[in-house]
Protein chains: 2
Amino acid sequence: MNTGKRMTRQRRIILDDIRKNRIHPTADEVYKSVRKRLPRISLGTVYRNLDLLARTGEIRKISIAGKQMRFDGDKSDHMHITCVRCGKLTDIPDDPRYCDVCRETLADSGFVLQSVSVELFGVCPDCREDEDEER
Amino acid sequence: MNTGKRMTRQRRIILDDIRKNRIHPTADEVYKSVRKRLPRISLGTVYRNLDLLARTGEIRKISIAGKQMRFDGDKSDHMHITCVRCGKLTDIPDDPRYCDVCRETLADSGFVLQSVSVELFGVCPDCREDEDEER
DNA sequence: TTACTTGCAAATCATTTGCAAACGT
DNA sequence: ACGTTTGCAAATGATTTGCAAGTAA
């Protein structure tokens with residue numbers, strides 16, 4: 001946990017909030033939540049700390065094209081699927097076959113693969129139910 | 001090509017530019033390029049047309065998390081890899097196995113898969129060469 | 001004719017940044 | 001003591017939007 005940086009009150013509380021808050025919050029949601037404990041904290045500080053914590057690997061940054069950044073206190077290997085109806089982000093287990101497929105795809109392209117980002121979109125079980133009821 | 005909308009001079013020239021311009025341009029790059037032929041066109045018009053052309057399927061929108069939108073006149077199935085050194089976007093053939101893997105991953109999650117976006121990042125052949133020379 | 005489009009400028013929205021004061025080690 | 005971090009406010013950058021005038025069908 002020693003990153004060569006200081007563990008300020010703000011940083012500790014932000015980290016704590018993200019670890020407890022299992023909703024993959026946006027920076028703004030973290031800001032709102034943390035303000036209950038630190039009413040004078042600024043949004044800038046939240047952004048700076050989220051960025052720093054992500055760079056030191058204490059949290060994960062989830063970036064999905066065209067959407068706000070989200071943050072995840074769960075560092076274990078897993079992917080996310082976004083519900084196209086309600087927008088909710090759900091954890092799903094990681095599947096190592098993606099990388100295998102990528103590596104094969106790129107085999108004779110001359111590229112050296114560095115990372116793969118897979119974004120899944122679908123309808124979540126709750127929204128599926130609602131859809132069915134509408135019939 | 002009939003989309004139920006009007007084919008204005010601006011729209012035709014933007015479409016033409018994207019089809020000829022094989023660089024996966026950003027909206028701003030399209031704007032700069034198209035201004036050679038239409039000096040009074042506005043960036044707003046470029047955005048509106050790129051969006052409309054993407055919605056009617058005449059071009060593809062390439063959205064990569066944290067990056068500007070890019071546009072592709074090549075509608076054939078293919079994916080892209082971003083060079084982490086020079087930022088260049090390169091076409092690579094589509095690999096249908098991604099969807100197979102996704103479908104299996106989600107089999108018992110209750111989700112109905114709608115779409116998958118795979119973003120690859122790596123070092124392109126040109127930048128690899130530069131790296132080697134630096135030794 | 002008339003609904004769709006344009007150019008322009010201002011607005012939006014998430015995120016970043018400059019700065020002087022405050023703080024952690 | 002020192003470099004790091006904070007709160008605040010202003011800046012940024014990409015994209016969107018309101019509006020009155022212009023244009024394709």
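Letters A, B, ... mirror the listed sequences (proteins, then strands); counts begin at 1. Values below: all heavy atoms of this structure, side chains included; hydrogens, waters and symmetry mates excluded.
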Treat primed atoms plus P, OP1 and OP2 as sugar-phosphate and everything else as base, then score nucleotides 19-25 of chain D 5' to 3': B for base contact with protein heavy atoms under 4.0 Å, S for sugar-phosphate contact only, - for none. ----BBS
Between D/dT15 (P) and B/Y31 (OH): distance, integer Å: 15 Å
Sugar-phosphate only, base, or nothing, as touched by A/N49 at under 4.0 Å among non-hydrogen atoms: sugar-phosphate
Given atom CG of A/D51 and atom C1' of D/dT5, what is their separation to the nearest angstrom? 14 Å
Looking at A/R60, A/H78, A/K61, which one forms a side chain to side chain donor-acceptor pair (under 3.5 Å) with A/D72? A/H78
B/D16 and B/R12 ion-paired at < 4.0 Å: no
Specify the residue among B/T26 and A/L38 whose closest nucleotide of DNA chain D lies further upstream toward the 5′ end. A/L38
Return the minimal non-hydrogen interatomic distance between B/V116 and B/C99, and the atom names on each side. CG2-SG, 4.3 Å
Counting only side-chain nitrogens and oxygens, does B/S42 get under 4.0 Å of the OP1 or OP2 atom of C/dC8? no
Taking CZ from B/R40 and C1' from C/dA9, how many angstroms apart are they, rounded to a whole number? 14 Å
For A/R37, I'd like to know if atom CZ has over 12 heavy atoms of other residues, nucleotides or ligands within 6.0 Å. yes
Quick one: pull up CZ in A/F71 and CD1 in A/I23 and give me the separation to the nearest 0.5 Å. 12.5 Å
Smallest heavy-atom separation, B/T105 atom then A/P93 atom, equals CG2-O, 3.8 Å
How close do A/K88 and A/C124 get, counting heavy atoms only, and between which atoms? NZ-SG, 4.4 Å
To the nearest Å, give me how far apart CG (A/L52) and P (C/dT16) are. 13 Å
With respect to the side chain of B/Y47, which nucleotide from D/dA14, D/dT6, C/dT6 is positioned closest? D/dA14
What is the distance from NZ of B/K67 to P of D/dT15, rounded to the nearest Å? 13 Å
Please pick, from C/dT5, D/dT15, D/dT5, the nucleotide with the shortest atom-to-atom distance to any side-chain atom of A/R11. D/dT5
Between C/dA14 (P) and A/I64 (CD1): distance, integer Å: 15 Å
Taking atom P of C/dT5 as reference, at what distance in whole Å does atom CZ of B/R12 sit? 13 Å
Measuring to OP1 and OP2 of C/dC23, would you say a side-chain N or O of A/Q10 lies under 4.0 angstrom away? no
How long is the line joining CG of A/L43 and P of D/dA10, in whole Å? 15 Å
So which nucleotide from C/dA14, C/dT5, C/dG7 ends up closest to the side chain of A/Q68? C/dA14
Between C/dT6, D/dT15, D/dG7, which nucleotide has the shortest distance from any of its atoms to the side chain of A/I41? D/dG7
